[in-house]
Amino acid sequence: MKRPILALLTLLSAYAVSTPAAHAVACSATNAALNRPATASSTEGGAFAAAMAVDGNTGTRWSSAFSDPQWIQVDLGSAKTVCRVGLRWEAAYGKDFTIQASPDGSSWTTLRTVTGATGGTASYDVAGSGRYVRVHGTARGTGYGYSLWELTVNTDDGGTQLPGGGDLGPNVKVFDPSMPASTIQSQIDQIFTQQEAAQFGLGRYALMFKPGRYDVNVNTGFYTSVHGLGRNPDDVTVKGVSVDAGWFNGNATQNFWRATENLAVEPYDGTNRWAVAQAAPFRRMHIRGALNLAPSGYGWASGGYIADSKIDGQVGSYSQQQWYTRDSAIGGWSNSVWNMTFSGVQGAPATSFPEPRYTTLDTTPVSREKPYLYLDGQDYAVFVPGRRVNARGTSWANGPTPGTSVPLSRFYVARPGVSAATLNQALAQGLHLLFTPGIYQLDQTVEVNRADTIVLGLGLATLVPRNGVVAMRVADVDGVRLAGFLIDAGLVNSPVLLEVGRPGTHTDHAANPITLQDVFVRVGGQFAGKATVSVAVHADDTVIDHTWIWRADHGEGVGWDVNPADYGLRVYGDDVLATGLFVEHYKKYNVEWFGERGKTVFFQNELPYDPPSQAAYMNGSTKGWAAYKVADSVNTHEGWGMGSYCVFTSDPTIEVDRGFEVPVKPGVRFHSLLAVSLGGRGRYNHVINNTGGPAQGVETVPATVTSFP
């Protein structure tokens, strides 16, 4: 297809967010305890000496006798100002303990008292000074001793510290209700003119509205995110946040990479139009009227995702092929083409698959809404919603969403051109990351090692790894939140683009899981990207809440051997949940799941368009590769509302033996499955294993399986 041309426009003056540059906690990134002399009250044996907890090796540990109290201390060599202490517990952890400092190793000052800890990896900000730092345990979390993989100490060494907070840059536009509506509308329209058809353009924008009412319609193009800056959606009201498909002759199947969140819409004519495809999240929205998910003229559409939203009127999906709605309230729903899935949605239609094709779960097993930027008084902050279990309805139905607020001064505000080394320095310093709109070239991996770190993007901020590096790696720690950015594979093959957790490590994160929300991955399209695996999840209990993992089927740098990518998502962790999983066009398994007790609520897939022949698309003696593979070793797995489509444009005679391939065991269960041959270009012999199908023929009629086994 013809690549859109980026319009060369000069934008009107920007209203950019800025806050005074605030210095972060003045903590050096250097671990002052590394390889320093360490002693302890006791050891379990010679292999578990105190020195093992300060050697920088997360495979060695100090372990105490099985009694209380116990302590471990480290000699920093001279008196230092201590500002942070990190503890990486083994399964035998301290429940109650104090962190202390001493000038001489005998007289101790308590810097922090911790009660009711749950182990894992934790970082504690402290304030005090001393040559010696001690962790003094008074109550164990298990019947064993105290066992630490690593004890780290950060100090204020007088070195250069990166500031937190600051200006969000020229591509964040902030509107105030005192501004003339015509001025605001003019800026919105000029950005939309540039971004409407810029599917592979370089522009990135975030449009932000301070609390108040605005008589404007926010036409939303590529790489544009729309934000209400109130604490709650109803704090900001506009007349529309709209997407149509005029740029593509009424076809909405390529309306990707845009977002809206946290505001209310009072549509001019009673209906708001949001005709999108993949990677276009609709979060924390209140539509005071109806919502139309189809383009004008009701042409093709292939979306989409709604979460934590209230639509007073009816949602009309019309020509939408599939959609997933989570933890929301709607006035009704009409139409179902192939796969409409709901979890925790008040007003959703009852399950009636295969006709109409509705699949409805009363609640969502685990959810935690995406962090969002807002105004806390006159200052900017990021609100971090709390975890919900078996959720139903919006998180703000009975008052403000529960959670915590983090001031912008605790974020390193990244601008395009920043080095990966600087990003890692900010993370090691204890700052969160906020990527302002733009494209970021990474010559080394961004390492997220601290529990509860937030990495948040605005305007579909895009990370591009260079020289084959992993773009981002998350340690096996509690509560990391990744949200709102795109990873674009580089020209040199990366073994993996996003790695979550550590291979072979299984830690219970159920109370505070790692979350991935609106984190999108692309291989090709912009240029000939390459990656073996797009996303690998090793950490237990991870929640993948809306992603599009895409090996490009159009754009620049596209071809069977031009943008190679074998696997979209590989899950090794146990108890991982995916809600709104879109993975497309990979050369082998689009999804491969090795962990136990995994769950997927809604899956949308297209197989690769471009295998040159059946011989090139064989898995051993099996024709083709299943879209979704559960490893034979897995005993428990469950999925709801899952579809795979084929359209083999290079050779329409290609067959796929099965869309889904799973072990036949009592704990492995699937609900509402379908396979579709688009226009008869290719054939599924079966939907799942040897059940269901075939899916074939120019009529494009799905083959369905209501439940398996």
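For the numbers below, each heavy atom of this structure counts, side chains included, while hydrogens, waters and symmetry mates do not.
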Does Lys629 pair with Glu661 as a salt bridge, N-O distance under 4.0 Å?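 A salt bridge is present here (some side-chain N lies under 4.0 Å from a carboxylate O).
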
Taking the basic N atoms (NZ, or NE/NH1/NH2) and the acidic carboxylate oxygens, is any pair closer than 4.0 Å for Arg284 and Asp308?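 Yes.
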
What's the verdict on side chain to side chain contact (heavy atoms under 4.5 Å, CB included) for Arg551 and Asp610, showing C-alpha distance, side-chain angles and the deciding distance? CA-CA 11 Å; Arg551 175 181 169 262; Asp610 53 351; 2.8 Å; yes

Restricting to non-hydrogen atoms, name the atom on [X] and the atom on [Y] that form the minimum distance, rounded to 0.1 Å.
X	Y	result
Ser334	Gly316	OG-CA, 3.4 Å
Val236	Gly228	CG2-CA, 4.0 Å
Thr394	Ala397	OG1-N, 3.1 Å
Ser225	His227	OG-NE2, 2.7 Å
Leu458	Ala206	CB-CB, 4.2 Å
Ala294	Arg273	O-NH1, 2.6 Å

What class does the angle between the rings of [X] and [Y] fall in, given that below 30° is parallel, 30 to 60° is tilted and above 60° is perpendicular?
X	Y	value
Tyr372	Phe383	tilted
Phe209	Tyr214	perpendicular
Tyr589	Tyr567	tilted
Trp333	Trp323	tilted
Trp550	Trp257	perpendicular
Phe485	Phe435	tilted

Side chains of [X] and [Y]: is there a donor and an acceptor less than 3.5 Å apart?
X	Y	value
Ser644	Tyr684	yes
Ser672	Tyr358	no
Gln321	Tyr645	no
Thr653	Asp651	yes
Gln278	Ser302	yes
Thr341	Asn339	yes
Asp327	Thr364	yes
Trp625	Asn590	no
Asn390	Arg392	no
Tyr628	Arg658	no
Asn605	Tyr586	no
Glu369	Gln517	no

Roughly how far, to the nearest 0.5 Å, is the [atom2] atom of [Y] from the [atom1] atom of [X]?
X	Y	atom1	atom2	answer
Gln185	Phe192	CD	CZ	11.0 Å
His554	Thr649	NE2	OG1	12.5 Å
Trp300	Thr253	CH2	OG1	7.5 Å
Ile306	Leu291	CD1	CG	5.5 Å

If only atom types and distance count, is the side chain of [X] paired as donor or acceptor with the main-chain N or O of [Y] below 3.5 Å?
X	Y	value
Thr193	Asp189	yes
Asp176	Lys210	no
Gln320	Gly303	yes
Asn171	Arg204	yes
Ser242	Asn219	no
Ser534	Leu569	no
Thr360	Phe342	no
Arg357	Val337	yes
Ser309	Ala307	yes
Ser319	Gly299	yes

Note, [X] side chain near [Y] side chain (heavy atom, < 4.5 Å):
X	Y	value
Trp560	Tyr617	yes
Phe248	Asn255	no
Leu497	Val523	yes
Lys310	Gln346	no
Val656	Phe648	yes
Leu456	Lys370	yes
His546	Phe582	yes
Tyr205	Gln194	yes

As a quick check of understanding, evaluate side chain to side chain contact (heavy atoms under 4.5 Å, CB included) for Leu581 and Val591, giving each step before the final call. CA-CA 10 Å; Leu581 181 59; Val591 173; 4.2 Å; yes

Could Arg258 and Phe222 be counted as a cation-pi pair, given that NZ or CZ must be under 6.0 Å from the ring centre and within 45° of the axis?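 Geometry flag: set, cation within 6.0 Å and 45°.
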
Working note: Arg288 + Asp234, criterion salt bridge (Lys or Arg N to Asp or Glu O under 4.0 Å); need CA distance, chi angles, decisive distance, verdict. CA-CA 10 Å; Arg288 299 175 187 152; Asp234 286 323; 2.9 Å; yes

Could you go through Asp244 and Ser296, starting from their C-alpha distance and side-chain angles, then the distance that decides it, and tell me whether this counts as side-chain hydrogen bond (donor to acceptor under 3.5 Å, both in side chains)? CA-CA 7 Å; Asp244 207 338; Ser296 299; 2.5 Å; yes

Take atom [atom1] of [X] as the centre, draw a 6.0 Å sphere, and report whether it contains more than 12 heavy atoms from other residues, nucleotides or ligands.
X	atom1	answer
Lys587	NZ	yes
Trp338	CH2	yes
Asn398	CG	no

Please assess Phe175 against Gln187 for the test side chain to side chain contact (heavy atoms under 4.5 Å, CB included), listing each intermediate value before the final yes or no. CA-CA 10 Å; Phe175 304 114; Gln187 292 192 51; 3.9 Å; yes

Checking His286 against Trp396 for the side chain to side chain contact (heavy atoms under 4.5 Å, CB included) test, could you report, in this order, the C-alpha distance in whole Å, the side-chain angles of both residues, the deciding distance, and whether it holds? CA-CA 11 Å; His286 183 188; Trp396 44 277; 3.9 Å; yes

